[in-house]
Trainee: 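Quick one: structure below, then a few questions.
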Amino acid sequence: MLARLPRGFADRTADDIRAVEQMMAKIRAVYELYGFEPADQPLIEYTDALGKFLPDQDRPNEGVFSFQDDDEQWLSLRYDLTAPMARYVAENFERLPKPFRSYRSGWVFRNEKPGPGRFRQFMQFDADTVGTPGVAADAEMAMMMADVMEALGIPRGDYVIRVNNRKVLDGVLEAIGLGGEENAGRRLIVLRAIDKLDKLGVEGVRQLLGPGRWDGGKEGEGDFTKGAGLSAQQANRVLADIGVVEALGDGEFPSSQTFADGQGELMQIEQLVVASGYGPDRIRIDPSVVRGLEYYTGPVFEAELLAEIPNEDGQIVRFGSVGGGGRYDGLVSRFRGEPVPATGFSIGVSRLMSALKALGKLDTSSTVGPVVVLVMDRDTDSLGRYQKMVSDLRQAGIRAEMYLGGSGMKPQMKYADRRGAPCVVIQGGNERNAVDENGNPRPMVQIKDMVAGAELAANIEGHDAYKEARPGQMTVPEAELVGTVRGILAAQRAERG
RNA sequence: GCCGUUGUAGCUCAGAUGGUUAGAGCGCCGGAUUGUGGAUCCGGAGGUCCUCGGUUCGAUCCCGAGCAACGGUACCA
């Protein structure tokens with residue numbers, strides 16, 4: 001039996017968990033400030049509630065982890081937080097205040113090929129407003145996202161919230177003659193192509209808009225991806241309208257009403273955010289943003305990190321999108337006969353965390369470990385004394401533990417070192433049986449400051465001298481144990497700043 | 001799914017034209033009767049050389065297939 005982690009999943013260390021909690025507290029504070037309420041839905045929903053595609057018998061796990069209940073109904077692990085939220089709101093519609101403003105966080109699952117920074121289980125942190133048709137709600141989302149980025153310590157200029165409108169894209173497609181039901185497939189291909197702009201560049205996208213593109217980058221390498229089959233003029237119009245190339249001749253294609261509507265909404269959003277003091281350094285209109293291809297119906301936005309961040313190997317990586325969202329007027333109404341407009345966004349917590357880590361914006365220094373009371377003698381009487389010391393320290397609010405392994409002193413010291421113990425407590429027979437100047441029993445303890453000890457040890461040559469010196473160590477009466485430890489902790493805290 | 005690269009100790013990697021007992025560094029464990037982390041020294045544990053099949057007297061090495069990891073690309077509601 002080989003112990004192994006399934007691919008696409010991650011074990012989390014103590015540091016990671018603490019860092020995420022720290023981060024989520026900051027995000028939560030912003031959401032609360034905006035007046036959103038916490039809510040939570042389960043990890044599992046009926047498959048048909050999650051989206052319009054039911055897993056068929058042949059491929060029950062395409063993209064989503066699914067399984068059948070004992071009553072044969074299909075259940076799935078949620079792949080985002082929006083669909084379960086929509087189900088909850090629809091189910092409790094009468095009871096909830098409208099607009100319903102809520103936030104939630106948790107794990108989501110995708111049964112897809114994992115890659116660097118792409119996991120099959122990851123954490124999202126969402127906020128949504130349901131029951132509001134106006135663009136003011138969308139503008140608020142964009143501003144809140146900007147506030148979150150700054151609350152996390154990302155300096156202005158190192159991120160940008162890019163805003164677009166699905167109606168603009170739809171309008172472009174209409175203009176070049178891709179409107180109508182019969183062109184739905186090609187529209188999708190065009191949108192996907194635009195979405196790959198940052199990955200493939202303008203020319204790559206142009207190939208995908210036209211005949212297609214070879215995976216490997218050149219002719220015959222890799223698989224051939226069939227394109228949208230647009231003419232050169234159509235492709236150029238699309239690229240021009242999303243602002244990545246110069247327009248050629250005008251008037252070749254008619255302008256579209258949908259396009260104009262979308263732009264009107266974008267202008268309103270821009271006015272609203274500018275009026276609130278959010279300039280283009282934070283929130284920027286960008287017609288090339290595509291986002292989630294299926295359910296968005298209006299404004300869409302994306303939070304992008306602009307900072308060039310070195311990864312563990314020292315290479316510069318662009319993290320790109322760390323969150324996004326938009327208007328999804330159809331999601332809740334799917335469950336109800338009436339239209340229910342809604343808008344929201346989602347932060348990719350896991351991804352953002354690795355970015356913050358790389359930026360040094362995350363306090364990854366581990367928490368101070370417990371004070372370790374070494375076990376020098378294993379008779380019940382001594383163990384009782386050690387246990388009492390631990391208990392006293394805990395009473396004083398100091399993390400502490402008695403060594404519970406079976407090894408000798410040296411391994412115990414190694415253990416304390418590895419645990420990040422600020423100090424250890426040592427009491428053998430010599431200390432326990434000490435007497436004062438009058439010959440009365442006066443039990444002592446030795447307390448070793450591990451931080452000071454390590455510093456002092458650096459200047460000691462040779463193991464014998466090192467052992468002899470016992471750096472950072474002091475002997476105090478047992479009664480002064482707690483006070484002395486407290487002093488060491490305070491000094492170390494001051495040292496750390 | 002498709003294309004490519006790679007699979008040898010916990011990690012990073014050597015290795016020989018196909019020949020007895022497969023190595024290094026790091027890490028891990030241990031090292032004087034009451035003791036002490038790091039460094040140094042000494043010792044130790046740890047391997048199906050990815051799997052299966054083929055060629056061969058003999059395969060970790062050559063051949064075939066499979067699996068896995070990594071990268072790119074596609075899909076990603």
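Computed from a predicted model, the values in this text were never measured in an experiment. Throughout, protein chains are lettered first and strands after them, A, B, ... in sequence-line order, and every chain is numbered starting at 1.
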Trainee: Any side-chain N or O of A:K414 below 4.0 angstrom from OP1/OP2 of B:G37?
Mentor: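 No, A:K414 has no side-chain N/O under 4.0 Å of OP1/OP2 on B:G37.
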Trainee: Take atom CD in A:E468; do more than 12 heavy atoms of anything else shown fall under 6.0 Å from it?
Mentor: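 Incorrect, the count does not exceed 12.
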Trainee: Charged N to carboxylate O below 4.0 Å: is that the case for A:R442 and A:E478?
Mentor: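 No, no charged N to carboxylate O under 4.0 Å.
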Trainee: Could you check whether A:G453 gets within reach of a base, just the sugar-phosphate, or nothing at all, counting any heavy atom under 4.0 Å?
Mentor: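 Here A:G453 touches the bases of the nucleic acid.
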Trainee: Quick one: look up who B:G44 pairs with, Watson-Crick or G-U, both distances under 3.5 Å, and put none if it's unpaired.
Mentor: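 Checking every strand shown, B:G44 finds its partner in B:C28, with both distances under 3.5 Å.
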Trainee: Considering only the C1' atoms, how many Å lie between B:C52 and B:A68, rounded to the nearest integer?
Mentor: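 After rounding to an integer number of Å, I get 15 Å for this pair.
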Trainee: Taking only the C1' atom of each, what is the distance from B:G66 to B:A24 in whole angstrom?
Mentor: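 Straight-line distance between the two C1' atoms is 32 Å.
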Trainee: Out of B:A74, B:C76, B:G37, which has the shortest distance to the side chain of A:E112?
Mentor: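 From the listed options, B:C76 comes nearest.
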Trainee: With a 3.5 Å limit on both atom pairs, tell me what B:U34 is paired to, counting Watson-Crick and G-U wobble, or say none.
Mentor: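 Base partner found: none.
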Trainee: Under 3.5 Å for both donor-acceptor distances, Watson-Crick or wobble: does B:U6 have a partner, and if so which one?
Mentor: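 Its partner is B:A68.
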Trainee: Please determine, for the side chain of A:A454, which listed nucleotide (B:A32, B:G37, B:A74) has the closest atom?
Mentor: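 Nucleotide nearest to A:A454's side chain: B:G37.
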Trainee: With the stacking rule set at 5.5 Å and 30°, tell me whether A:Y79 counts as stacking on B:A77.
Mentor: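 Ring-base stacking flag set for A:Y79 and B:A77.
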Trainee: How is A:N433 classified with respect to the nucleic acid when contacts are heavy atoms under 4.0 Å: base, sugar-phosphate, or nothing?
Mentor: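 If one applies the 4.0 Å heavy-atom cut-off, A:N433 turns out to touch nothing in the nucleic acid.
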Trainee: Rounded to whole Å, please give me the gap between CG in A:N459 and P in B:G37.
Mentor: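 That distance rounds to 17 Å.
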Trainee: Provide the distance between the two P atoms, one in B:U21 and one in B:C13, to the nearest whole Å.
Mentor: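 29 Å, rounded to whole Å.
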Trainee: Checking all strands, does A:Q446 fall into the base, sugar-phosphate, or nothing category for heavy-atom contacts under 4.0 angstrom?
Mentor: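 If one applies the 4.0 Å heavy-atom cut-off, A:Q446 turns out to touch a base.
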Trainee: Roughly, in whole Å, what's the span from CD in A:Q412 to P in B:C29?
Mentor: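 Nearest whole value for this atom pair: 14 Å.
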Trainee: Check every strand shown and say whether A:I460 touches a base, only sugar-phosphate, or nothing at a heavy-atom separation below 4.0 Å.
Mentor: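 It contacts base atoms.
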Trainee: Provide the distance between the two C1' atoms, one in B:C29 and one in B:G10, to the nearest whole Å.
Mentor: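 The answer is 13 Å between these two C1' atoms.
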Trainee: Tell me whether the OP1 or OP2 atom of B:C75 has a side-chain N or O from A:K196 closer than 4.0 Å.
Mentor: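 Result: yes.
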Trainee: Could you tell me the Watson-Crick or G-U partner of B:G1, where both distances fall under 3.5 Å? Say none if there is no partner.
Mentor: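 B:U73 - that is the nucleotide pairing with B:G1, both distances being under 3.5 Å.
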Trainee: Using distance alone, with no hydrogens and no angle criterion, decide if A:S321 and A:E304 have a side-chain donor and acceptor under 3.5 Å apart.
Mentor: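 No, no side-chain donor-acceptor pair sits under 3.5 Å.
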Trainee: Does B:U20 have a Watson-Crick or wobble partner in any strand here, with both distances under 3.5 angstrom, and which is it?
Mentor: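 Check on B:U20: unpaired, no WC or wobble geometry under 3.5 Å.
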Trainee: Looking at B:A74, I'd like to know if its phosphate oxygens (OP1 or OP2) sit under 4.0 Å from a side-chain N or O belonging to A:R192.
Mentor: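 It does not, given that no N or O in the side chain of A:R192 lies less than 4.0 Å from OP1 or OP2 of B:A74.
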Trainee: Donor-acceptor pair, A:S350 side chain versus A:M123 backbone, under 3.5 Å?
Mentor: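 The answer is yes, because a donor-acceptor pair under 3.5 Å joins these two groups.
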Trainee: Expressed as a whole number of Å, how far does the P atom of B:C63 sit from that of B:C70?
Mentor: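 Between the two P atoms, the distance is 26 Å.
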Trainee: If you measure from the C1' atom in B:U12 to the same atom in B:A69, how many Å do you get, rounded?
Mentor: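 About 16 Å, rounded to a whole number of Å.
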Trainee: If you measure from the Lys or Arg side-chain nitrogens to the Asp or Glu carboxylate oxygens, is any gap between A:D80 and A:R78 under 4.0 Å?
Mentor: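 No.
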Trainee: Might you work through the salt bridge (Lys or Arg N to Asp or Glu O under 4.0 Å) test for A:D286 and A:R162, ending with a clear yes or no?
Mentor: CA-CA 6 Å; A:D286 181 340; A:R162 302 189 298 142; 2.7 Å; yes
Trainee: Could you state the CD1-P distance from A:I189 to B:A74, rounded to the nearest angstrom?
Mentor: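 In whole Å, B:A74 P lies 13 Å from A:I189 CD1.
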Trainee: Can you tell me the distance, in whole Å, between the CH2 atom of A:W214 and the P atom of B:G4?
Mentor: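 After rounding, the gap between these two atoms is 12 Å.
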Trainee: Taking atom C1' of B:G43 as reference, at what distance in whole Å does atom NZ of A:K410 sit?
Mentor: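 About 13 Å, once rounded to whole Å.
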Trainee: Between B:G71 and B:G54, how far apart are the P atoms? Round to whole Å, please.
Mentor: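 Rounded to whole Å, the distance is 35 Å.
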Trainee: Whole-Å distance between B:C76 C1' and A:D80 CG?
Mentor: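 In whole Å, B:C76 C1' and A:D80 CG are 12 Å from each other.
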Trainee: For A:K448 and B:G37, give me the distance from atom NZ to atom P, rounded to whole Å.
Mentor: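 Atom NZ in A:K448 sits about 7 Å away from atom P in B:G37.
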Trainee: Among B:G37, B:U34, B:G30, find the nucleotide with the atom closest to the side chain of A:N430.
Mentor: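 Nearest listed nucleotide: B:U34.
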Trainee: With a non-hydrogen cut-off below 4.0 angstrom, is A:E461 in contact with a base, only sugar-phosphate, or nothing?
Mentor: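 A:E461: no heavy atom of the nucleic acid under 4.0 Å.
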Trainee: At under 4.0 Å, does any side-chain N or O of A:R418 touch on OP1 or OP2 of B:C29?
Mentor: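 Checking B:C29 against A:R418, a side-chain N or O does come within under 4.0 Å of OP1 or OP2.
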Trainee: Just checking A:K113: base, sugar-phosphate only, or nothing, at a heavy-atom cut-off of under 4.0 Å?
Mentor: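 Base contact.
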Trainee: Taking only the C1' atom of each, what is the distance from B:G53 to B:G43 in whole angstrom?
Mentor: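 The same atom, C1', in both gives a distance of 43 Å.
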Trainee: For A:R470, report the nucleic acid contact type (base, sugar-phosphate, nothing); a contact means any heavy atom under 4.0 Å.
Mentor: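 The residue A:R470 makes base contact.
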Trainee: Picking from A:D138, A:T297, A:N165, A:T343, what satisfies side chain to side chain donor-acceptor pair (under 3.5 Å) with A:R327?
Mentor: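 Result: among A:D138, A:T297, A:N165, A:T343, A:D138 is the only option passing the side chain to side chain donor-acceptor pair (under 3.5 Å) with A:R327.
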Trainee: Look at all strands and tell whether A:Y466 reaches a base, only sugar-phosphate, or nothing, counting heavy atoms closer than 4.0 Å.
Mentor: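 It contacts base atoms.
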Trainee: Go through A:Y328 and A:D128 one step at a time and tell me if the side chain to side chain donor-acceptor pair (under 3.5 Å) criterion holds.
Mentor: CA-CA 10 Å; A:Y328 47 93; A:D128 296 273; 2.5 Å; yes
Trainee: For B:C62, what is the paired nucleotide under Watson-Crick or G-U wobble rules, both distances under 3.5 Å?
Mentor: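 Answer to the pairing question: B:G54, which forms a Watson-Crick or G-U pair with B:C62.
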Trainee: Please give, in whole Å, the distance from B:U36 C1' to A:R419 CZ?
Mentor: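 Going from CZ in A:R419 over to C1' in B:U36 covers 19 Å.
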Trainee: Does A:K467 contact B:U36 through a side-chain donor or acceptor facing the base, at a distance under 3.5 Å?
Mentor: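 Not at all, since no donor on one side and acceptor on the other fall under 3.5 Å apart.
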Trainee: Mapping A:A457 and A:M376 to their closest nucleotides on RNA chain B, which lands nearer the 5' end?
Mentor: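 The residue whose closest nucleotide sits nearer the 5' end is A:M376.
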